[in-house]
Amino acid sequence: MKHFHASFLLAFVFYVNAAFSQGAAAKGQLFIIGGGERPAEMTARMIQETHLTDRGYAVILPMSSSEPDTSAFYAKQPFAEAGVQNVYGLICTKEEANSQEKADSVRHASLIYISGGDQTRFMDIVRGSKIEDAIREAYRNGAMIAGTSAGAAVMSEIMITGNQLKYPEYSSTFATIEQGNLETSRGLGLLTTAIVDQHFLARSRHNRLITAILEFPTMLGIGIDESTAILVKGNHAEVIGVSQVLVYSNAKKSARLKNGKFGAQGLRLSIYLPGEKFKI
């Protein structure tokens, strides 16, 4: 069992490193929103960066939601209010995620926007599909991939699902920092150096993200508050919106255990305000 665990870990590290090599060469941008209300300046910045008023089009992928039609409708509204009409909802089931026509619509978009809901629901539909490949190809070729709430969580290679393994009744806040409680899955892998958490200050998700960097010490933990986003270009991120972004790191790879609870020393926390930038 120990040998299997070590082999799995090595394979996982290799996969992450390979994904990072792909992500480092990407020409696109990530616009990762922590959920909540979207200030007009956020929409304006997405339009500005993608030149949507001049060319191209945007697609909304609302499959995180249990009501994707409604989600797509409301996701389009801020763009319409900003005078941009070339924004289209694209809804697909798991079977339709391998439609070449739908994948081509995603691949050629200037902006791909993933709405909120349940990140596991979204990934269950697109994982291993032509739609997932199209999102990654669009990013490599210069498109902006944006997402809010669940759409933010899916950006990471190591995706927080929101579930607790030891306490199955859902709670938006973790009460403990302990081993074996955080459930993760594979996200889109567009962001390979960090794990993203959202609604961060509003829902007090510090314990959850600290657990993540103790279990995955090579990763940054990025907690994005509501009505706030990071714009990622290359290996730098800029904070946009009205609140803060908290970045945790475990550079010393510190982690101790006692009765299942984590201890650590030398963790680092940085708090960034709108307009500030940091390396990612």
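One-based numbering along the sequence shown. Here the structure is a predicted model, which is why all the values come from computation and not from measurement.
- Expressed to the nearest 0.5 Å, how far OG of S270 lies from NZ of K279 amounts to 14.0 Å.
- From N250, atom CG reaches atom CD1 of I213 across 5.0 Å, with rounding to the nearest 0.5 Å.
- Atom CD1 of I222 sits about 5.5 Å away from atom CG of L191, to the nearest 0.5 Å.
- Using cut-offs of 30° and 60° for the angle between ring planes, the F278 and Y272 rings count as parallel.
- Between K166 and E183 no salt bridge is recorded (no basic side-chain N to carboxylate O distance below 4.0 Å).
- Using a 4.0 Å cut-off between charged nitrogen and carboxylate oxygen, D133 and K130 do not count as a salt-bridge pair.
- T148 places no side-chain N or O within 3.5 Å of a backbone atom of G151 that could act as its donor or acceptor partner.
- Of the possible polar contacts, none joining the Q29 side chain to the L231 backbone as a donor-acceptor pair under 3.5 Å is found.
- In this structure, H236 NE2 and I280 CD1 are separated by 10.0 Å, a value rounded to the nearest 0.5 Å.
- Shown here for N86 and L52, the closest heavy-atom pair between the two residues is ND2-O, 3.2 Å.
- I60 and A75 get closest at one heavy-atom pair: CG2-CB, 3.7 Å.
- Residues E238 and E276 are not in side-chain contact: their nearest non-hydrogen atoms beyond the backbone lie 4.5 Å or more apart.
- Although no hydrogens or angles enter the test, the distance criterion places no donor-acceptor pair under 3.5 Å between the side chain of N207 and the main chain of I177.
- Crowding of Q100 atom CD: a count of heavy atoms from other residues, nucleotides or ligands under 6.0 Å exceeding 12.
- Atom CD1 in I230 sits 9.0 Å away from atom CE in M155 (nearest 0.5 Å).
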### Task
Would you sort out whether E226 and Q198 count as a side chain to side chain contact (heavy atoms under 4.5 Å, CB included), showing the intermediate values?
CA-CA 7 Å; E226 295 182 352; Q198 67 284 346; over 6 Å; no
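- There is a side-chain donor-acceptor pair under 3.5 Å between E178 and Y167.
- Using a 4.0 Å cut-off between charged side-chain N and carboxylate O, D197 and R208 make a salt bridge.
- Formation of a donor-acceptor pair under 3.5 Å by the T93 side chain with backbone atoms of E96 is found in this model.
- In this structure a side-chain-to-backbone donor-acceptor pair under 3.5 Å is present from T228 to S243.
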Run the numbers on R107 and D104 for salt bridge (Lys or Arg N to Asp or Glu O under 4.0 Å), then give the verdict.
CA-CA 5 Å; R107 181 177 294 106; D104 286 343; 2.6 Å; yes
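- Counting all heavy atoms, side chain and backbone alike, L165 lies closest to G180 at CB-O, 3.5 Å.
- For the pair I160 and A153, the tightest heavy-atom approach, listed with the atom from each and the gap, is O-CB, 4.2 Å.
- T173 and Q164 make their closest contact through O-NE2, 4.1 Å (heavy atoms, listed as atom of the first residue, atom of the second, distance).
- Here the side chain of R268 pairs no donor or acceptor atom with the backbone of Y248 at under 3.5 angstrom.
- The two residues S254 and Q265 have their closest heavy-atom pair at OG-N, 2.8 Å.
- Side-chain contact check for D225 and Q244: no donor-acceptor pair (N or O, by modelled atom type) lies under 3.5 Å.
- Of the N and O atoms on the side chains of H51 and S110, not one donor lies less than 3.5 Å from an acceptor on the other residue.
- No side-chain donor-acceptor contact under 3.5 Å links T120 and T161.
- Aromatic pair H206/F200: centroids less than 6.0 angstrom apart.
- Atom CG of L188 and atom CD1 of I114 lie 5.0 Å apart (nearest 0.5 Å).
- Looking at E132 and R136, a side-chain N of the basic residue comes within less than 4.0 Å of a carboxylate O on the acidic one, giving a salt bridge.
- Using a cut-off of 4.0 Å between Lys/Arg side-chain N and Asp/Glu carboxylate O, E49 and K233 are scored as salt-bridged.
- Although no hydrogens or angles enter the test, the distance criterion places no donor-acceptor pair under 3.5 Å between the side chain of S227 and the main chain of R38.
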